[in-house]
Undergrad: 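Pasting in a structure now, in structure tokens, and then I'll have a few things to ask.
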Amino acid sequence: MNIGEAAITAVFGYAVVFAGLLILMIVLYCMGAFFKEKSFEKTEPTVLIEETKPEPIQNTEKKVAPGSAGRIKLYDVPDKEAAMIMAIVADTMKKPINELHFISIKEVK
Amino acid sequence: MDIVETLKTLASNSGFAGFLTIDGLKNLIMIIISFFLLYLGIKRKFEPLLLVGIAFGCLLVNVSNFFSGGESSADALYHPELWDAFLDHNSEFYHSYGHIMAEGGLLDILYIGVKSGLYPSLIFLGVGAMTDFGPLLANPKSLLLGAAAQLGVFFAFFGAVCLGFTGEEAASIGIIGGADGPTAIFLTTRLAPHLLGPIAIAAYSYMALIPMIQPFFMKLLTTEKERKVVMTQNRKVSKTEKIIFPIVVAVFVILLLPSTAPLIGCLMLGNLWKECGVTERLSDTVQNALMNIVTVFLGISVGATTVGSRFINWQTVGIIVLGLTAFCFSTIGGLLVGKIMYKLSGGKINPLIGSAGVSAVPMAARVSQIEGQKANPKNFLLMHAMGPNVAGVIGSAIAAGFLLAVFK
């Protein structure tokens, strides 16, 4: 292979990678738009429920936490470590832990 | 029994006597290199799961095989001449795995999994099961950063041709810039199997060195203001989207480039097992047990290809230099497109996430996070950087598929 051919192959190859991922991006946007619409339809009634929620607690330091914000999935993380991580995040964000919704904690190996 | 004669025979048969030849000296150098790689893997924790295996494979093959005159030692664990015959169209043993099984050593037999492309594909199965594509689905623009970060692949490919490597060899060297070990091994075994040792070692070493290579370019190509950008939280991705994603990608990418089928197919199957929610046992097995088993075989058999007499030459030096160039240019490509996105989004996208477009999951994303936090301690870029990071895996597989389609 000569240098000219190599240059053309390199430019064309880079263009193919871009084109492939660009088309995939468009597909994902369409997919995302479809699901966003669907989830919006589903979540509409819950908006009303949220509106009737009581006033947020002002002094969270003195009062007892009013419950958790859902369940958390732990992957290869002991309960103690998960509790510690959640406490650190809550402290860093200056938010009461029961107002944060942790979805999952996974150890990155 | 003639004791003196017996001692002489033992001495001449011992590996120590092998060091006295020119090729034996190369083995000695490789043994020292294997000690250094073991140090990097164990003490410095550079990709230890693979590097320790590769280093020990390198050690084993160089203490057991004093290759001279085209023949391996009697007790060699790996026989390069068997694989030469396997690849030689004129040989009676062309593509004869039976010959390898009958005549080969332990590492020859393990190497069959590398040669056939089995191990890289199985590794991708595990990678797929461990990867959360949620950040990519939440922000599909990340795919462009994954594409941009393949710049190094094609730059190094061009550089390698300029340095006199053949097209097949150049393609195998270029893919180091994809920062994806299994893809590099997969492509090299198909296009330039004789370069597998140096390419695999370069790929894994540079992947481990990402925290040292990337920050320099990140600081060089971005301003303090750009690095401080705090990105807004991504939207929540539904379970259904996560289930459909691997099916869509598998169909789309394999139709686009059929040669990517082993890698993309396994990556997406692993991910589907993870996300579908009804195959937890399989997902758990490929993430842990299978991944560990394949890592054992892959590491040691790749290390086995580093026989001193074949490894120590100027080609290896060229590959090491071009591999580093590929990594640097991939980082630069990702950052430059990141900067373009920063401008086009009106300063909402932090360009540091661009460098995560080189695969190396999740290390490259961690580097973006660390550098982002150095500029602004309140910056949490990790999840934003995971999008380009996993896009890079798909991007490097597409780049490999393109090179395979051109040269195979």
Side-chain angles (χ1 to χ4, degrees), chain A residues 1-43 46 69-70 73-77 85 88-95 100-109, chain B residues 49 130 132 136-148 150-151 153-162 165-168 170-171 174 235-238 240-241 244-245 248-249 252-253 256-257 260 287-288 333 361-362 366 378 382 391 394-396 398-399 401-403 405-407:
Chain A
M1 175 174 260
N2 62 42
I3 292 174
E5 281 175 344
I8 293 167
T9 308
V11 173
F12 184 58
Y14 198 39
V16 167
V17 174
F18 252 103
L21 291 180
L22 187 72
I23 300 168
L24 189 59
M25 181 185 94
I26 295 166
V27 172
L28 292 187
Y29 265 119
C30 295
M31 211 169 93
F34 174 76
F35 282 103
K36 252 191 258 176
E37 215 170 84
K38 273 209 148 188
S39 67
F40 178 73
E41 282 168 16
K42 275 186 187 172
T43 53
T46 58
K73 282 183 185 171
L74 300 179
Y75 300 98
D76 297 334
V77 181
I85 290 165
I88 292 167
V89 172
D91 183 57
T92 310
M93 296 180 76
K94 306 277 183 253
K95 286 252 180 191
L100 295 172
H101 184 187
F102 293 88
I103 297 164
S104 67
I105 298 178
K106 183 176 183 179
E107 185 187 354
V108 181
K109 289 176 181 171
Chain B
L49 294 180
M130 288 197 286
D132 178 11
L136 177 65
L137 283 161
N139 185 13
K141 283 194 292 282
S142 306
L143 281 164
L144 295 180
L145 295 169
Q150 306 310 313
L151 175 67
V153 173
F154 295 101
F155 188 87
F157 162 77
F158 178 70
V161 172
C162 293
F165 286 95
T166 65
E168 288 84 351
R235 75 174 173 90
K236 201 177 171 217
V237 177
S238 72
T240 319
E241 274 179 275
I244 292 173
F245 173 76
V248 168
V249 173
F252 172 76
V253 178
L256 181 73
L257 282 165
T260 59
Q287 278 185 51
N288 300 296
V361 182
R366 278 191 204 148
K378 288 182 180 172
L382 188 64
I394 301 173
S396 57
I398 293 180
F402 169 80
L403 293 168
V406 171
F407 292 106

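Just so you know, these numbers use all the heavy atoms, side chains as well, and skip hydrogens, waters and symmetry mates. Only a predicted model underlies this, so the values are computations on that prediction, with no experimental measurement involved. Chain letters run A, B, ... following the sequence lines, proteins first and then strands; every chain starts at 1.
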Undergrad: So, do B:Phe158 and B:Phe154 have ring centers that fall under 6.0 Å from each other?
TA: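 Judged by ring-centre distance (under 6.0 Å), B:Phe158 and B:Phe154 do not meet the cut-off.
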Undergrad: Closest approach of A:Asn2 and B:Val161, non-hydrogen atoms and distance?
TA: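 That would be O-CG1, 4.1 Å.
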Undergrad: Need one label for B:Phe245: side chain, backbone, both or neither, based on atoms under 4.5 Å from any heavy atom in chain A.
TA: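 For B:Phe245, heavy atoms of backbone and side chain both lie under 4.5 Å from chain A.
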Undergrad: Heavy-atom distances under 4.5 Å only: say whether B:Leu144 touches chain A with side chain, backbone, both or neither.
TA: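 For B:Leu144, the contact with chain A is made by backbone and side chain together.
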Undergrad: Quick check on A:Tyr75 against chain B: is it the side chain, the backbone, both or neither that has a heavy atom closer than 4.5 Å?
TA: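 Contact with chain B: none, neither part.
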Undergrad: Between CZ of B:Phe252 and CG of A:Leu24, what distance do you get to the nearest 0.5 Å?
TA: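 Rounded to the nearest 0.5 Å, the CZ-CG separation comes out at 5.5 Å.
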Undergrad: Of the backbone (N, CA, C, O) and the side chain (C-beta and beyond), which part of A:Val17 lies under 4.5 Å from a heavy atom of chain B, both, or neither?
TA: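 For A:Val17, the contact with chain B is made by backbone and side chain together.
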Undergrad: Please classify the contact between B:Thr166 and chain A as side chain, backbone, both or neither, with a heavy-atom cut-off of under 4.5 Å.
TA: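 The answer is neither part of B:Thr166.
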Undergrad: Of the backbone (N, CA, C, O) and the side chain (C-beta and beyond), which part of B:Lys141 lies under 4.5 Å from a heavy atom of chain A, both, or neither?
TA: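 When you check distances to chain A, atoms from both the backbone and side chain of B:Lys141 fall under 4.5 Å.
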Undergrad: With a 4.5 angstrom heavy-atom cut-off, which part of B:Ala148 approaches chain A: side chain, backbone, both or neither?
TA: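 Its backbone and side chain both get close to chain A.
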Undergrad: Could you tell me whether B:Arg235 and B:Glu241 have a side-chain N and a carboxylate O separated by less than 4.0 Å?
TA: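 A salt bridge is present here (some side-chain N lies under 4.0 Å from a carboxylate O).
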Undergrad: So what's closer than 4.5 Å to chain B heavy atoms on A:Ile26: side chain, backbone, both or neither?
TA: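 A:Ile26 has no heavy atom closer than 4.5 Å to chain B.
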Undergrad: Hey, what do you get for CG (A:Leu100) to CE (A:Met93), rounding to the nearest 0.5 Å?
TA: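 Here the rounded value is 5.5 Å.
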